[in-house]
**Q** 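Take this structure first; my questions come after.
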Amino acid sequence: MFLTNFLFSSLAALTILLTDIPVIPRPAAYSARGKGSITLEKGCSYTLEGQAPGKEAFSEYLEECELALRKSSRPVIRFKTGPKFLNGRKADDGAYTLEVGRKGITVLSAGYTGAFYAVQTLLQLRASSPDIPFCTIEDAPRFAHRGLMFDMVRHFHGKDFILKQLDLMALLKMNVLHLHITDDQAWRIELDCAPEMAHEAAFGDSLYFHTMLPRFSQKFFHEPVNYVSGTVYDRGGVYGGYYSKDDIKEIIAYAAARHIDIIPEIEIPGHNRALLHVHPEFFCDRKHGVDNVFCVGNEDAFSFFFKVLDEVMELFPSQYVHIGGDEARKSNWTVCSRCRERMRKEGLKDEFELQSYCIRRIDSFIVSRGKKLIGWDEILEGGISENATVMSWRGTSGGLKSIQMGHDVIMTPNTRYYLDYYQDAPWKEPLAFSSCLTLKTVYDYEPEAEISENTDHLLGVQGNLWSECIVDDSQYEYMLYPRAFAIAETGWSPREGKDYEDFRSRALSLCVTASAGGYKCFDLSHEAGERPEAGVQIPRITNEARAVVYTGSDDSTGREAPFLVDGFLGGWNLKADSVWLYTRQRNVTIDIDLGEVKTVHYVGAEFADFNIRRLCAPQDTEFFLSADGVNYEKTAVPQLHLSPDRRHFNILTVGGTVSAKARYVRLRYNTGDTIVRSHISEVIVN
Ligand code: ACM
Ligand code: ZN
């Protein structure tokens with residue numbers, strides 16, 4: 001923020017013509033320098049003037065990149081580098097100045113990160129026209145962390161896939177790739193200290209992945225695997241793959257040449273069913289509910305993870321290690337004698353403090369090796385380690401709280417940045433993992449909107465792409481692009497001047513460029529967009545209706561839910577605030593008071609339905625009418641007919657005609673035994 005403010009104040013007098021510059025992320029400041037242009041040809045000449053670390057690597061990149069530059073004493077592009085171009089900034093964070101004029105192209109930057117980003121700007125300009133207009137661009141990142149997370153566990157995508165994505169990330173000036181490589185379904189890194197993990201837990205029952213059965217069901221692949229780097233195996237229903245250490249080294253080197261940091265994630269203490277499959281001795285001694293955690297009372301389990309982390313920290317040069325920390329199912333810990341003993345000895349009052357104990361121990365270990373821990377926002381529960389950096393994923397509240405507490409935070413809210421969600425109307429899209437986050441929803445997220453202090457602790461933003469539903473590489477790309485463009489722009493460009501329509505037109509161009517480069521992008525030009533029914537208010541019998549929701553058997557007071565009678569039907573984004581009512585209880589009653597007795601002709605309701613996520617429209621719905629609020633009469637409105645083979649997310653309307661005088665309408669529904677989550681957006685009365 002400091003950087004962009006600096007640029008903005010120093011360039012306040014210059015005109016910023018956003019759509020004139022087809023570049024994502026939008027540069028901080030751009031000004032035309034009269035008429036004229038330079039044709040930027042492949043193989044044109046360059047010089048590197050000045051000194052900074054990484055000169056040789058940058059030179060190598062320039063000669064190998066698609067511009068295939070060559071050194072010459074009469075250069076078209078002059079890179080001038082050195083501390084005098086720091087302009088009061090702290091380090092070589094990627095800021096650069098690009099001047100295109102009659103005498104050629106000059107790039108000024110403190111170090112080669114800035115010079116590298118100037119080249120990315122030139123590459124994007126050249127993709128729209130080889131004639132680069134005379135201009136000055138002064139550019140710098142808004143945030144230090146501009147990331148993507150790839151889940152390579154639920155479905156494996158090989159080394160070459162990752163290398164390919166690093167090129168496009170670099171073009172977007174993204175600088176962090178967070179690799180999620182261990183989880184319940186597999187362990188995807190071969191380590192010398194625990195080779196059995198990759199060999200026995202990188203291959204699973206592919207049925208799990210293709211049907212998303214909610215229960216873990218792996219038949220591991222025990223015969224010796226003739227592993228070929230970067231290959232995805234899918235043989236006889238057994239599916240998998242893993243990265244060798246050489247693969248990882250190659251990925252890291254390729255990323256480093258593109259100024260991208262690779263952060264590994266080793267899940268602790270939850271999401272560990274693959275580990276428990278191979279090392280059942282790390283289970284708690286008693287089982288209570290769902291298993292996905294190792295026994296925190298077991299010293300051998302800690303030794304295992306210390307060994308793994310040591311090797312991982314040696315392999316990955318990043319200053320950060322991500323240790324997960326999310327969704328640990330803690331119920332085993334409450335009954336396990338070793339965990340209970342640990343709690344007693346350490347003076348921990350409950351399983352949440354036990355989780356905190358575990359994370360603190362891991363944190364001390366990581367800090368003792370000179371590195372820093374990142375964890376998902378559950379690491380706040382039971383007390384957070386003082387050094388930890390938080391990734392806020394369950395919406396934004398965990399991140400906001402952590403910032404208030406003075407922790408560094410990376411914003412990656414599932415309400416905005418989960419790229420495994422549908423990106424358009426679900427009826428036209430491949431199966432996705434949750435409701436819908438359109439390009440606009442992603443773009444419109446403003447990470448600083450709710451932060452008034454400690455803004456320096458907001459390190460940046462990151463999009464996460466979980467791969468439960470993503471079987472092949474091209475679908476993975478399809479889910480990434482262009483939504484990753486939006487995250488890149490929020491991470492880099494100044495908050496001021498954000499404009500979705502301007503961005504969208506640049507995104508359309510960049511999709512064409514990326515597609516020509518072999519990337520599979522979502523077809524933004526044929527976007528269906530928001531559910532049409534969601535945008536207009538439907539006729540209502542009255543504007544004065546009140547809705548009160550009662551859930552469960554002990555809820556006698558209920559809660560007001562005015563959005564259920566506001567005439568606005570739900571859209572594709574189930575996470576949109578004040579549109580959808582989300583409940584986890586089986587029995588729900590909604591009482592509507594119309595304010596006075598009216599003649600009612602129709603009653604209905606709109607529910608979300610996403611069968612495979614166990615988030616269903618209820619089969620069992622009943623509407624009642626009453627004139628006095630005491631005596632209710634059940635209507636004959638039919639229930640929903642739910643076809644058993646539906647898979648996609650959908651919005652269903654249940655309703656029917658009635659004819660009665662009534663002041664009160666009651667909707668009662670029951671989600672059944674297996675379905676525990678329901679979403680309702682509107683009760684319709686006419
Ligand atoms: C997460 O989505 N469980 C971090
Ligand atoms: Zn235990």
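Just follow the structure's listing: the first ligand is 1, and inside any ligand the first atom is 1. Hydrogens, waters and symmetry mates are skipped; everything else that's a heavy atom, side chains included, is used.
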**Q** Measure the spacing between CG of Leu574 and CG of Leu437 and express it to the nearest 0.5 Å.
**A**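 Spacing of CG (Leu574) from CG (Leu437) equals 9.5 Å.
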
**Q** Out of all atoms in ligand 1, which are within 4.0 Å of some heavy atom of Trp466? Include the element for each.
**A**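 What qualifies from ligand 1 is 1 (C), 2 (O), 4 (C).
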
**Q** Salt bridge check: are Glu477 and Lys164 linked by an N-O gap of less than 4.0 Å?
**A**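 Yes, charged N to carboxylate O under 4.0 Å.
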
**Q** Before moving on, can you tell me the angle at the Zn ion (ligand 2) between the SG atom of Cys336 and the SG atom of Cys284, to the nearest 10 degrees?
**A**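 That angle is 110°.
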
**Q** If you measure every N or O of Trp376 against every N or O of ligand 1, does any of those distances drop under 3.5 Å?
**A**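 No, Trp376 has no N/O under 3.5 Å of an N/O on ligand 1.
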
**Q** Salt-bridge test for Glu381 and Lys330: reply yes if a basic N is under 4.0 Å from a carboxylate O, no otherwise.
**A**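 Counted as a salt bridge, because a side-chain N and a carboxylate O are separated by less than 4.0 Å.
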
**Q** Residue-level breakdown please: for Met391 versus ligand 1, do any non-hydrogen atoms fall below 4.0 Å on the side chain, on the backbone, on both, or on neither?
**A**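 Under 4.0 Å from ligand 1, Met391 contributes no heavy atoms.
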
**Q** Taking NZ, NE, NH1 and NH2 as the nitrogens, is one of them in Glu299 or Arg342 under 4.0 Å from a carboxylate oxygen of the other?
**A**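 Yes, this pair counts.
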
**Q** Would one find an N or O of His271, backbone or side chain, under 3.5 Å from an N or O of ligand 1?
**A**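 No; every N/O pair is 3.5 Å or more apart.
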
**Q** Identify, for atom 3 (N) of ligand 1, the protein heavy atom at the shortest distance, and state residue, atom and that distance.
**A**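 Nearest protein contact, heavy atoms only, for atom 3 (N) of ligand 1 is Asp326 OD2, 2.6 Å.
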
**Q** N/O of Tyr418 under 3.5 Å from N/O of ligand 1, yes or no?
**A**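 Among all N and O atoms of Tyr418, at least one is under 3.5 Å from an N or O of ligand 1.
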
**Q** Give the C-alpha distance, both sets of side-chain angles, the deciding distance and a yes or no for side chain to side chain donor-acceptor pair (under 3.5 Å) between Thr412 and Asn464.
**A** CA-CA 7 Å; Thr412 176; Asn464 293 340; 2.8 Å; yes

**Q** Would you call Arg142-Glu446 a salt bridge at under 4.0 Å N-O?
**A**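 Yes, Arg142 and Glu446 are salt-bridged.
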
**Q** Against heavy atoms of Glu327, which atoms of ligand 1 measure under 4.0 Å?
**A**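 Atoms satisfying the 4.0 Å criterion: 3 (N).
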
